[in-house]
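Side-chain atoms are counted along with the backbone in the values below, which use heavy atoms only and exclude waters and symmetry mates. The chains referred to below are lettered A, B, ... by the order of the sequence lines, with proteins before strands, and numbering in each begins at 1.
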Amino acid sequence: MRAVTTSSALSKQYDPSDVEPRWLRFWLENGFFHADEAAPTVPYSITLPPPNVTGSLHIGHALGSTMQDILVRWKRMQGFNSMWMPGIDHASIAVHVLLEKDLKRRENKTRFDLGREEFLKKAWAWKEKSGNRISEQEKLMGFSLDWQRERFTMDEKSNGAVTEAFVRLYEEGLIFRAKRMINWDPASETVVSDLEVDTVDENGSLWEIKYPFADGTGEIIVATTRPETMLGDTAVAVNPKDERYKGMHGKLVTLPLTDRQIPIVADEWPDPEFGSGAVKVTPAHDPNDYEIGQRHKLEAIQVIDSKGKMMAPSPAKYVGMTVDQARKAIVADLEAAGFLGEVKPHKVPRGRSQRSGAVIEPMLMDQWWVKAAPLAEKAAKAVEDGKTKFVPELWTKTYMHWMTNIRDWCISRQLWWGHRIPAWYCSACNATTVQRTPPTACSKCQSAEIKQDEDVLDTWFSSGLWPFSTLGWPEKTRALSTFYPNNVLVTGPDIIFFWVARMMMMGLHFTGKVPFRTVYLTSIVTDENGDKMSKMKGNVIDPLDVVYGATLESLLARADAENAPEAAVKTIKKNFGKGIPAMGADALRFALAALNTSGRYIRLSIERVEGYRNFINKLWNASRFALMNLDGYDPDRFEAQITTPAGRAALGMPERWILSRLQAVSQDVDAALEAFRFADAANAIYHFVWHELCDWYIELAKPHLHQQEGVELDAPRAARRHVVQGVLATALETTMRLLHPFAPYVTEEIWQKLPKPPQLPGSLMITVFPRADQAFVDKTAEAEMKLLQDVAVGCRMLKATYGFAPAQSISVGVRVSGPKAELLERFREPIERAARVKMTVAANFDANAEFTGLVGKEVLNSEVEILMPLPKDIDAKAEVARITKDIAKAEKEIGGIEKKLANADFLSRAPEDIVAEQRARLAEEQARKSRLADAIATLAKA
RNA sequence: GGGCGAAUAGCUCAGCGGAAGAGCGUCGCCCUUACAAGGCGGUGGUCGCAGGUUCGAACCCUGCUUCGCCUACCA
């Protein structure tokens, strides 16, 4: 579409449902989201944190992804070869838990009933469905992801990268298999890492148990929160410094309920202050006891099995009991046999599996580990050296703390959905073969009796490789050399340890480079009460429900399908009683940006999104107004005029003002984005569009644009109209480019309709992002406009204060002289129109009968005051009161400044310009005060 | 137990050494032909408390109070 005229077919309210799908298709069909790794321009890359295939995206994803899209679109418009890498994560244990719950509910079966193959079939089907849904959501939000590159953590290439990484680390001695204390999740029947355990203090008891000496000379009392583990005790430990037990080291005690005898050992661990000072030692089921066991070469006797049930060698009566059942039985038996001492209530820290919620059992098992220390050292140093920076900076500490206190990473999981560990065990010679391709024989003895390890890898293992595996690693691809390292990673602070740290370690180890230059940590989205969103609570918001709207019925139906608890249903009814109105993707995106200040949380409510929907609508209507008035406009002619200094000088003051403001806002947005200050950027645009472009410029432009049908304008008016059209069109066109990264759909729609010079590209998203142009910065116009605004606002204020109807045109006098008076005379018409007044400008009103009676007065500054004659029946006292308040304010200011200026230290130590500023302010305030005092004197006469 | 952070207008938050700000809400008045998802105007704050540094503190330092979050193997 070209030049000259545009018709207005725009509706009064912006309708995103009509606009969004059209442009999404247009962008996708034209390949605008794709970046060519061979392009000569400077690369800019971000890898999307791959969402878990556990369902669909929530508002937290929408926040992070919107910020990424803003960055990527912004940089693309700045001419960078901007690439945003999409993908999804198999989320091993999360999907497991989900599928197993579903299996239990629908078929009352466990995964073991199904078998590995059948279970995996279900998992893949689930992945298909969930993955498609996620991609769909991402597309509808307008995210400019490079879809041709889309990857999955368990696709063929990723599998290859995982195997390669595992084998290399194994060969380097950084992956090993060892029997150590691990966290066992008895519900999912797998190991989980330390990070996947949530420890909370729960109410429990501290039981004292009497362990009699084997020689019958007495007893020692131990204190425990877990009496059932006594069946696996292999010692009692006391502190060597503890006087009470000095003579007992090495003595044997008989373990109650069993016939075993165990020694008393001296160890530093027991705290003499706690309990009895003597600790029962169960090396197989407690991390501390394990350590004690190591030090004293104690046997570790496992008495709890993988399902969380008691097992042999526990006495037969307890075998098969759950831990809780066993605890009750054992306490009862101890009591009956007289072994039980005091029982006190006690807070006990209890680890629970983050995924299944089951109580974690510490167990001793053979597992695969990554030796973390050498990797962490490099990862910590890279951040110390500033090769990767955290924004906001405070997260650096969190990262460093963990890196410097890191423990080995247990990477094997007893699950099926995930990357199978590339290790084969030989039943003939017990050797382990680890290699890239499945072996046919044992690497040591060549026996064919080999079997692959049953376990899969921790889901974060593949995630750790993601920034480079997605670009083709281990191959040396062009994509890798172009787009790695990424410029930015945008993610939540909750996965700094899980993911950011692992990517840093793996990235540095395998590529020698950091995976990204900057880590931007987003806030966490909560509901309007500050509560974390969760399906259990019913306060989650699906981004697409905000975009397209949802009825209460549809929300409840989904909650039902997801088996939401009753409390959640109640919350949904309360929060979304009237459903959710459709806001459009732009409004949601803009809201997320505008609310994204540097705080840790973003409280999101539909009402707040609504405010930004109104903004989008405002923009729409401003554009609609422009398009209704751009008939006859010739962009080429305007461009020719505006590119010369003389042409610019010929513009009217409001034109020069709005173009100057446009430079300022462009500058502000650019600087804010550079510093990841998304809220500042969004608010700068919001303020410019609403309070400068709409409130003032468009209002001032109206008279010049107005054209009566069938009436020809004379030449000067026609020229004037054309200039105003040009400035309005230009301001809007630039605004669309500024706003595009935030609100891509509505800006593309408007931009396509705006008349503009023909050399521009076919889509807004590939135009150039605005840069402040000094040639258009005009401080004089800004100062002049300020006076115009102050006068208009002052008049409106007086009118409103004295109850004049807005439509009523009131006579006002503006007392001012010199250039300011000339300026106001020049802009008499726009001021009168803006404030609905009849204005007289004069240096003095003493001789003017109209203004010598009862007048309302607004003193703008020492030079300018506004007088408004008031009807005889108005209460002069009200005006006196108002002005008295104003005087008091001025006096307070004057007092403060005088005190400062009387202070010799201030005069000698404060910088000169500050002192001068204070002097000027004092003069200004004093003049203002005297004018206000005059006003009161006048009123007294009236 | 260790660490980190926050307390500013009714609400959500900016400001982080030189005159207290925004958005929303609230209260008036207006359907003024771009927009009632709108216009105009008003109200509203000893910047958690107590000290200190400074010519000057919402801002820097110390202590306290109250809330968050992360982290940890006290039986």
Side-chain angles (χ1 to χ4, degrees), chain A residues 8 10 12-14 181 194 199 206-207 222-226 229 237 269-271 273-282 286-291 346 348-349 351 362 394-395 397-398 401-402 405 493-494 496-497 524 528 530 581 583 587 594-595 597-605 607-608 610-629 677 679-680 683 686-687 694-695 698-699 702 706 792-793 796-801 803-807 833-836 893 896-897 900 903-911 913-915 917-918 921 925:
Chain A
S8 142
L10 301 190
K12 228 168 156 176
Q13 281 188 1
Y14 173 60
M181 186 60 65
D194 296 336
T199 310
L206 188 65
W207 285 273
V222 299
T224 182
T225 55
R226 297 202 55 188
T229 61
W269 160 249
D271 173 6
E273 303 293 311
F274 187 89
S276 62
V279 181
K280 59 188 270 320
V281 182
T282 322
D286 182 278
N288 290 309
D289 293 6
Y290 174 70
E291 298 287 324
H346 188 69
V348 285
L394 70 98
W395 294 111
K397 281 183 189 163
T398 307
H401 178 81
W402 194 70
N405 292 286
D494 49 329
I496 289 177
F497 305 144
I524 292 165
E528 55 205 293
M583 300 291 168
L595 297 174
T597 57
S598 46
R600 288 234 328 214
Y601 298 92
I602 293 178
R603 296 194 188 205
L604 188 79
S605 66
E607 288 74 37
R608 304 190 75 172
E610 213 169 332
Y612 294 103
R613 178 201 58 179
N614 296 353
F615 169 69
I616 299 293
N617 192 51
K618 183 82 181 174
L619 181 78
W620 176 254
N621 275 293
S623 308
R624 197 163 75 95
F625 168 80
L627 292 170
M628 289 191 305
N629 289 282
R677 302 188 58 96
D680 286 356
N683 289 327
Y686 182 99
H687 183 264
C694 293
D695 287 354
I698 287 183
E699 291 309 318
K702 275 178 181 171
H706 191 67
V793 169
R796 286 171 185 162
M797 192 275 285
L798 286 172
K799 276 182 76 177
T801 303
F804 294 110
R833 193 182 136 90
R836 301 278 195 110
E893 290 289 329
I897 303 166
K900 259 189 202 177
N903 184 340
D905 286 332
F906 174 70
L907 296 176
S908 63
R909 301 204 191 183
D913 55 322
I914 297 292
V915 177
E917 192 186 304
Q918 294 297 317
R921 248 189 79 206
E925 285 300 320

Rounding to an integer number of angstrom, what distance separates B:A58 and B:A7 when you compare their C1' atoms?
12 Å
Which is true for A:Asn903 with a 4.0 Å heavy-atom rule: it touches a base, it touches only sugar-phosphate, or it touches nothing?
sugar-phosphate
Side-chain heavy atoms of A:Leu619 within contact of A:Tyr14, under 4.5 Å
no
Between B:C35 (C1') and A:Ile698 (CD1): distance, integer Å:
10 Å
Between B:C4, B:U32, B:A37, which nucleotide gets closest to the side-chain atoms of A:Lys397?
B:C4
Spacing of the C1' atoms in B:G25 and B:C11 (rounded, Å)
7 Å
All ring pair (Phe, Tyr, Trp, His ring centres under 6.0 Å) counterparts of A:Phe497, not counting sequence neighbours:
A:Trp402
Does A:Arg921 or A:Ile602 map to a spot on RNA chain B nearer the 5' end, using the closest nucleotide for each?
A:Ile602
Go through B:C13, B:G18, B:A34 for me and flag the one nearest to the A:Pro911 side chain.
B:G18
Specify the separation, in whole Å, of atom CE of A:Met628 and atom P of B:C35.
7 Å
Tell me: CZ of A:Arg603 to P of B:U12, nearest whole Å?
5 Å
5' precedence on RNA chain B between A:Lys12 and A:Ile914 (nearest-nucleotide basis)
A:Ile914
When you compare B:C31 with B:G21, how far apart are their P atoms, in angstrom units rounded to a whole number?
33 Å
Please determine whether any donor N or O and acceptor N or O are separated by less than 3.5 Å between the side chain of A:Lys618 and the base of B:C35.
yes
Is there, by distance only and without an angle test, a donor paired with an acceptor across the side chain of A:Glu610 and the base of B:A37 below 3.5 Å?
no
Where the side chain of A:Ser598 is concerned, which of B:C4, B:C35, B:A14 is the nearest nucleotide?
B:A14
Counting only side-chain N and O atoms of A:Thr398, is one of them less than 4.0 Å from OP1 or OP2 of B:C70?
no
Out of B:C35, B:G18, B:C74, which nucleotide sits closest to the side chain of A:Asp271?
B:C74
For A:Glu699, report the nucleic acid contact type (base, sugar-phosphate, nothing); a contact means any heavy atom under 4.0 Å.
base
For A:Asn617 and A:Gln13, indicate whether the former's side chain and the latter's backbone hold a donor-acceptor pair under 3.5 Å.
no
Under 3.5 Å, N/O pairs linking protein and nucleotides 66-69 of chain B:
{"unit_1": "B:C69", "atom_1": "O2'", "unit_2": "A:Arg600", "atom_2": "NH2", "d": "3.0"}

What's the closest nucleotide to the side chain of A:Met797 if the choices are B:A19, B:A34, B:G41?
B:G41
Watson-Crick and G-U pairing of RNA chain B written in dot-bracket, each distance under 3.5 angstrom, with | for inter-strand partners
((((((((.[[[[.)..(..]]]].(((((.......))))).....[[[[[..)....]]]]])))))))....
Residues that A:Asp695 engages under side-chain hydrogen bond (donor to acceptor under 3.5 Å, both in side chains), provided they are two or more places apart
A:His691
Could you measure between the two C1' atoms, the one in B:A14 and the one in B:C24, and give it in whole Å?
14 Å
Reckon A:His401 touches a base, only the sugar-phosphate, or nothing at all at heavy-atom distances under 4.0 Å?
nothing
N or O in side chain of A:Asn405 less than 4.0 angstrom from B:U71 OP1/OP2:
no
Taking atom C1' of B:C16 as reference, at what distance in whole Å does atom CZ of A:Arg677 sit?
11 Å
Which part of the nucleic acid does A:Arg226 contact within heavy-atom distance under 4.0 Å: base, sugar-phosphate only, or nothing?
nothing
What residues form a side chain to side chain contact (heavy atoms under 4.5 Å, CB included) with A:Arg836, not counting sequence neighbours?
A:Lys799, A:Ala807
Could you measure between the two C1' atoms, the one in B:C35 and the one in B:C30, and give it in whole Å?
15 Å
Sequence neighbours excluded, the answer for side chain to side chain contact (heavy atoms under 4.5 Å, CB included) partners of A:Glu607 is A:Glu528, A:Ser605
Can you check nucleotides 20-29 of chain B for protein contacts, nitrogen or oxygen pairs under 3.5 Å, and list what you find?
{"unit_1": "B:G23", "atom_1": "OP1", "unit_2": "A:His691", "atom_2": "NE2", "d": "3.4"}

side-chain hydrogen bond (donor to acceptor under 3.5 Å, both in side chains) partners for A:Asp905, two or more places apart:
none
Of all residues at least two apart in sequence or in a different chain, which pass the side chain to side chain contact (heavy atoms under 4.5 Å, CB included) check with A:Glu699?
A:Lys702, A:Arg833
Donor-acceptor pair under 3.5 Å, A:Lys702 side chain vs B:A34 base
yes
Between atom CZ in A:Phe497 and atom P in B:C4, what is the gap in whole Å?
13 Å
Per the atom types in the model, does the base of B:A34 pair as donor or acceptor with the side chain of A:Gln13 at under 3.5 Å?
no
For a quick check of understanding: with a heavy-atom distance under 4.0 Å over all strands, which category does A:Pro349 fall into, base, sugar-phosphate or nothing?
sugar-phosphate
How is A:Val793 classified with respect to the nucleic acid when contacts are heavy atoms under 4.0 Å: base, sugar-phosphate, or nothing?
sugar-phosphate
Given B:A34, B:G15, B:G38, identify the nucleotide with an atom nearest to the side chain of A:Asn614.
B:G38
Taking the same atom, P, in B:A9 and in B:G2, what whole-Å distance lies between them?
32 Å
Between B:C70 and B:A57, how far is it from one P atom to the other, in whole Å?
38 Å
What contact category does A:Ala807 fall into here, base, sugar-phosphate, or nothing, at under 4.0 angstrom with non-hydrogen atoms?
nothing
Please name the residue in the list A:Asp289, A:Thr224, A:Asn288 that meets the side-chain contact (heavy atoms from CB on, under 4.5 Å) test with A:Thr282.
A:Asp289
Nearest to side-chain heavy atoms of A:Gln918, which nucleotide of B:A19, B:G15, B:A34:
B:A19
Rounded to whole Å, CD1 of A:Ile616 lies from C1' of B:A34 at a distance of 16 Å
Can you name the side-chain hydrogen bond (donor to acceptor under 3.5 Å, both in side chains) partners of A:Asn621, sequence neighbours left out?
A:Arg624
What is the separation between atom CG on A:Asp905 and atom C1' on B:U54, rounded to the nearest whole Å?
10 Å
Across all chains, not counting sequence neighbours, the side-chain hydrogen bond (donor to acceptor under 3.5 Å, both in side chains) partners of A:Glu925 are none
Quote, to the nearest angstrom, the C1' distance that separates B:G15 from B:C59.
9 Å
So what does A:Trp620 touch, heavy atoms closer than 4.0 Å: a base, only the sugar-phosphate, or nothing?
nothing
Between A:Arg833 and B:C40, does any side-chain N or O lie under 4.0 Å from OP1 or OP2?
no
Across all chains, not counting sequence neighbours, the side chain to side chain contact (heavy atoms under 4.5 Å, CB included) partners of A:Pro349 are A:Thr199, A:Asp201
So what does A:Arg613 hit on the nucleic acid, given a heavy-atom distance under 4.0 Å: a base, only sugar-phosphate, or nothing?
base
